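Contents: one structure, followed by commentary.
Keep in mind that what you see is a predicted model, and the values were worked out from it rather than measured.
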Amino acid sequence: REGLNLIHWPSGGQRAPAADQMMVSDGSGRLAVIEPSSSPMQQSDIIIASGPSGYSMQDVIQVGNIVWVAVDEYVDRFDTSSQLWLDPVNIGSDTMALAHDSNQVYVGTKDSGVVALDINNASFITNWNASLNVPLNGNLNDDVVNSLATDGDWLVVGHPDGGASVIDLSTSSVEQTWGSDNGLENDRVNDVAILDGIIEMALGGLEGRLCRAVTGLLGRITAHSALG
């Protein structure tokens, strides 16, 4: 985050530091304590308050004591045990959807495909996109992602105007893609879900459609049903 304010904290007072310090605020309620005469210069942080990175929250999941929030270009994390917002993760693209398994949190983005983060420390692990030049992690139907769902080794990716993609997490490869040219009635996928090997896709259009596919028989669209 960018520094917004500087506060001079001079030495010499009864409760003053031993050496002159500067406190840098980024507006988040966390102050970085800088001591120019020391090495390293940043000595510590002072937490006055904590909050999310923004207001445009797109999705929320909870893993243990940590609540993960997709907001603007960040993934925020709130620790329910300490009641504090942790350092946000800058994804570099607007975050749209979240899903997780026992090891990773998956982030669907507005124009960069899917990013995988470590579930324990939120560090970057890998990503998938629509590039045709990446043998394993390329070949998503689209870089725009609006929905995600996981079950076992499968990660299902919904694209608002690009159908759906299925990632085999055991090989980290895009295993299958679906669109209007190979099974779907249209490419407008509004949401996806997966349970016990059955993928459900909510399709857009004049009348809502629910499309079903079986992961064990990848590529086979088994049913379409109107919702209204």
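- Contact annotation: the side chain of L184 approaches that of M201 to within less than 4.5 Å [non-hydrogen atoms, C-beta and beyond].
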For this session: Give the C-alpha distance, both sets of side-chain angles, the deciding distance and a yes or no for side chain to side chain donor-acceptor pair (under 3.5 Å) between D187 and S180.
Result: CA-CA 6 Å; D187 290 325; S180 57; 3.2 Å; yes
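- At distances below 3.5 Å, at least one donor-acceptor pair connects side-chain atoms of R77 with backbone N or O atoms of D87.
- The residue from L140, I199, I194 that alone fulfils the side-chain contact (heavy atoms from CB on, under 4.5 Å) condition with V166 is I199.
- Shortest non-hydrogen contact noted between L117 and I125 is C-CD1, 3.8 Å.
- Taking each heavy atom of D151 and L195 in turn, the nearest pair found is OD2-C, 3.9 Å.
- No side-chain donor-acceptor contact under 3.5 Å links N129 to the backbone of D143.
- For the residue pair D20/S11, the side-chain donor-acceptor check at 3.5 Å is satisfied.
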For a quick test of your reading: what N or O donor-acceptor pairs under 3.5 Å do the side chains of residues 88-103 make, sequence neighbours left out?
unit_1, atom_1, unit_2, atom_2, d
N90, OD1, G92, N, 3.0
S93, OG, D111, N, 3.2
S93, OG, D111, OD1, 2.5
T95, OG1, V71, N, 3.1
T95, OG1, D72, O, 3.1
T95, OG1, Y74, O, 3.0
D101, OD1, N103, N, 2.9
D101, OD1, Q104, N, 2.8
D101, OD2, Y106, OH, 2.6

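- Between P10 and P17 the shortest heavy-atom distance is O-CD, 3.7 Å.
- Side chain of Q62 to backbone of G64: a donor-acceptor contact under 3.5 angstrom is found.
- For the pair I66/W68, a side-chain contact is recorded, criterion being any heavy-atom separation below 4.5 Å from C-beta on.
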